[in-house]
Every structure is written in structure tokens, then in C-alpha cells.
Amino acid sequence: TNTETYLKSVALKHMPPNLQTVDMLKAVPE
Amino acid sequence: MFCEKAIELIRELHRMSDGQLPAFNEDGIRQVLEEMKALYEQNQSDVNEAKSEGKSELIPTIKFRHCCLLRNQRCIAAYLYDRLLRIRALRWEYGSVLPTNIRFHMCAEELEWFNQYKKSLATYMRSLGGEEGLDITQDMKPPK
Amino acid sequence: TPSYVPVPPGVGMEDNFFSLDDILLSHERLPSRMECLFPRLGFLEKSSDSRDIQEGTKMEMPLFLAKGLYERKRRVVSVELPKVYKEGWRTVFSADPTVVDLHKMGPYYYGLGSQMLHFDSPENPEIAQAILQTFIGRFRRTMDSSQNAYNEDTSALVERLDYLERALFKAGQSGLNSFQCWERGRAS
């Protein structure tokens, strides 16, 4: 949650509407 | 070609494979976000034109720009994420108070992330080893 | 900082979203042919004055873009197999994989080769076999030299290795150094 919040605040919220999320579960390998 | 600024961000970190934290490249990120904005607006315009005038030949171009948008998003996210991994490592190397010269290389949001990480780690360590908790960041090498 | 562990590259045909190595690999350029018109993107293609990228244009395209545009059923973009994966070179590798300078021929020989399998080619089974057998043929030397070169200049040992092999070499060296440190009573 900390990391998602951070990514949103620094960059994702400034991106085009359809690109404002990253699927963290998929992105972070086990 | 698009996405050249984005790959520069990645190269900047990749060059420092030992985990050093370079200064936060705010300008680099801003440039990539600007490129994303331009690509998105061009695509919006072409999508409208393709729909209203039936210009299906614009579809390959729209897809081209969309690939570049996804790429820029990935590069920014990976750049920021890799920096967090470096910052996290600093907690284990330096303790909870980072040297000033390192803090200067962090943006405000990274400092906030670091503070939250410290709190999570502290909460976890308090939950270990009975009432006193256990500082697992100490004694990271085995005793002689 | 030993506590810094970057996101590793994906294995085989996979790639990891946050891996810096995978992102750099997918920036490698491949000779490609545009199989349809790309309107309004002519400015990307330096040799042309056209407003559009014309069908049939040959250009070097980064892997991520070629992968993103490629469609199995429709001809949008076609990618040329880099020569190191073609039959001629595959024969060289099968004769003796250890003689090839994989840094010069790569530097992402294994990674790029694995990614090329995303593009449907009738040669895919042979390409996959060649990559695998090359790795098997070279791995032992990389591992042996990484375990025997202690406290010396290793640049001659690594200069002909691709990036995957260099990472393995580095891992071997790290293990060797840690062991030596422990033997000398300096690991506590």
C-alpha cells in the first residue's frame, strides 16, 4: 500500500487517465 | 523515436549496479510525462477522427503511440520502484537516520515512503522476541 | 550495498515489469519491415520526407515496439531474425559454442533470442534449441573460471560473455569472495 500510494502521488496521477494504475501483484515477481 | 528520455532514466540507475542512490531526476520524469501527454492527446484526436470519419487506416498509428505510452509508464514505474529498493536497503545499511547527503538525493515523497517503511519495520520488530521486541537490523553478520 | 536486490530479469520468454535488465533488453533494436501504412508518423523515419511511414519501409525498431505491434494473424510489422540466430551461426554454435564472442554477437544473446520466440517463425524450435545448447556448452567454463579467479583482474575472462553469463560470473565471484572472507575469519 505504501508503495502504491507513493507511485500514484509521484507519477501515476500525472499520467493519462487510462494509465494511472499498475497491477502491483502482477508486476512484482514472487 | 519516442521513449528515449524514459530509457535514459533506466540507464542512469542501471549504471549504478552497487545500489548507490543518484539524485532524483525530477526533470527527466517531467519530460517523460510531457511526452505521454502529447502522445495521449494525439491518440485522442486520431481515435475521434477514426470513429467519426471511418478512417481505420489510423489504427496502426494509434496502436504505435499506445505501445509508447505503455512503455513510458513502465519506465517511470520501474525507475521509481528501483529507487525504493535502494532506499529500503539504506535502512538496513545506515539505520533509521540517513546521512544528509543521501537525503538530499531523495524527493519529498521518497522521504515519506521511507518514514512509512521504518514504521512498518519497527512495528514488525516489536512483535518479535517477546515484550522487548528484536532489532533484526543489528548483528547482521554471525558472531565469531 | 548488499541489501539492494534489484528485480531480476524474467526467465526464458517472460519478462518482469520492474526489471531494469528486461527494460534495457527490450530497447534493443531489430531490423523490421512495416507491413502497413502508419499515417502521421513519417517524422520518425529520417530518410523519408513523407508525412506517413509507408508500407514496406524498413527501419530499426526497438523490441518492445515490435512485440507490441506484432500480430499473428495480420501483417502489421515483420521482424528480421538477427544473424546470430540464423542457420549459419547456429551451425557455428553447435560445432563449438565456447569460441564465440557472445558480447560482440549479443550482448543479450540469450535474452534477445528468447524474446525472438514471440514472433512466429518456422525456425523457432531450432532457435530455442540453439540457445539452450549454447548455454549448456558454455556454462561450465563460466562457472569454473568464476570460482577460480580470486583477487585478480577478470576483464579478460568476462569480455566475451553475454550479459546473462556476466551476471552468473558475478554471482560465482561473490560466492568465492564470501567464502574466502569466511576462511580468513573476516565474516563476523
Side-chain angles (χ1 to χ4, degrees), chain B residues 1-4 6-21 42 45-46 49-50 55 57-75 77-94 137 139-144, chain C residues 1-9 15-29 34-46 51-55 59-71 74-77 163 166-167 170 178 181-182 185-188:
Chain B
M1 181 51 78
F2 302 120
C3 311
E4 290 301 320
I7 201 69
E8 256 181 57
L9 289 175
I10 301 296
R11 285 192 185 119
E12 182 191 299
L13 284 182
H14 194 256
R15 272 194 289 272
M16 297 183 167
S17 54
D18 57 357
Q20 269 184 82
L21 186 73
Q42 285 157 20
S45 166
D46 282 2
E49 200 177 327
K55 285 189 178 173
E57 66 271 19
L58 290 172
I59 292 172
T61 294
I62 292 165
K63 282 189 176 168
F64 190 110
R65 291 196 198 103
H66 186 68
C67 281
C68 295
L69 277 163
L70 288 173
R71 179 67 171 185
N72 277 342
Q73 186 213 43
R74 182 183 179 185
C75 288
Y79 172 79
L80 296 173
Y81 190 81
D82 191 75
R83 282 181 63 89
L84 293 185
L85 293 177
R86 291 167 195 253
I87 291 167
R88 183 176 71 177
L90 294 171
R91 169 64 185 87
W92 293 82
E93 293 301 314
Y94 288 100
T137 67
D139 302 320
M140 282 174 64
K141 287 183 174 174
K144 202 166 185 178
Chain C
T1 318
S3 309
Y4 165 63
V5 182
V7 175
D15 83 343
N16 286 331
F17 188 79
F18 284 139
S19 162
L20 303 186
D21 289 305
D22 277 342
I23 293 173
L24 286 168
L25 162 61
S26 53
H27 212 74
E28 288 287 295
R29 285 173 183 246
M34 312 305 256
E35 301 291 354
C36 67
L37 179 76
F38 283 81
R40 303 174 184 176
L41 295 179
F43 65 93
L44 292 173
E45 214 259 315
K46 284 172 187 135
R51 196 182 173 218
D52 312 322
I53 300 180
Q54 301 297 327
E55 180 184 333
M59 56 192 278
E60 299 243 301
M61 184 174 273
L63 173 66
F64 77 85
L65 195 46
K67 260 177 89 175
L69 291 172
Y70 180 77
E71 283 182 47
R74 245 187 319 168
R75 288 163 66 81
V76 180
V77 67
Y163 280 149
R166 284 184 183 192
K170 195 173 165 192
S178 298
C181 215
W182 173 79
R186 297 212 302 253
S188 54

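The sequence lines fix the lettering, A, B, ..., with proteins before strands; numbering per chain opens at 1.
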C:Glu35 versus chain B, the contacting section by heavy-atom distance below 4.5 Å: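 No part of C:Glu35 comes within 4.5 Å of chain B.
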
Of the non-hydrogen atoms in C:Leu69 and B:Cys67, which two are nearest, and what is the gap between them? N-SG, 4.1 Å

Give me the atom names and distance for the closest heavy-atom approach of B:Leu85 to C:Val5. CD1-O, 3.6 Å

Side chain proximity check, [X] to [Y], heavy atoms < 4.5 angstrom:
X	Y	answer
C:Lys170	B:Ser17	yes
B:Arg11	C:His27	yes
C:Leu37	B:Pro60	no
C:Val7	B:Asp82	no
C:Ile23	B:Arg71	yes

Electrostatic pair C:Arg40-B:Glu57, nearest N-O below 4.0 angstrom: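 Judged by the 4.0 Å cut-off on N to carboxylate O distance, C:Arg40 and B:Glu57 do not form a salt bridge.
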
Have a look at B:Met1 and tell me which of C:Arg29, C:Glu45, C:Glu60 forms a side chain to side chain contact (heavy atoms under 4.5 Å, CB included) with it.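 Result: among C:Arg29, C:Glu45, C:Glu60, C:Arg29 is the only option passing the side chain to side chain contact (heavy atoms under 4.5 Å, CB included) with B:Met1.
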
With a 4.5 angstrom heavy-atom cut-off, which part of B:Arg91 approaches chain C: side chain, backbone, both or neither?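 Contact with chain C is absent: no heavy atom of B:Arg91 under 4.5 Å.
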
Calculate, to the nearest 0.5 Å, the distance between atoms [atom1] and [atom2] belonging to [X] and [Y] respectively.
X	Y	atom1	atom2	value
C:Leu41	B:Leu58	CG	CG	9.5 Å
B:Leu90	C:Tyr4	CG	OH	11.5 Å
B:Cys68	C:Phe64	SG	CZ	5.0 Å
C:Ser188	B:Lys141	OG	NZ	8.0 Å
B:Lys63	C:Leu65	NZ	CG	12.5 Å
C:Ser19	B:Tyr81	OG	OH	12.0 Å

Those residues that, when tested against B:Phe64, pass ring pair (Phe, Tyr, Trp, His ring centres under 6.0 Å) (two or more places apart):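 Result, ring pair (Phe, Tyr, Trp, His ring centres under 6.0 Å) vs B:Phe64: C:Phe38.
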
Could you tell me whether B:Tyr94 atom OH has more than 12 heavy atoms of other residues or ligands within 6.0 Å of it?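 Count not over threshold, so no.
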
Please say whether more than 12 non-hydrogen atoms of neighbouring residues, nucleotides or ligands are located less than 6.0 Å from NE2 in B:His66. no

Donor-acceptor check, side chain of B:Thr61 to backbone of C:Pro39, threshold 3.5 angstrom: yes or no?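 Yes: the side chain of B:Thr61 pairs with the backbone of C:Pro39.
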
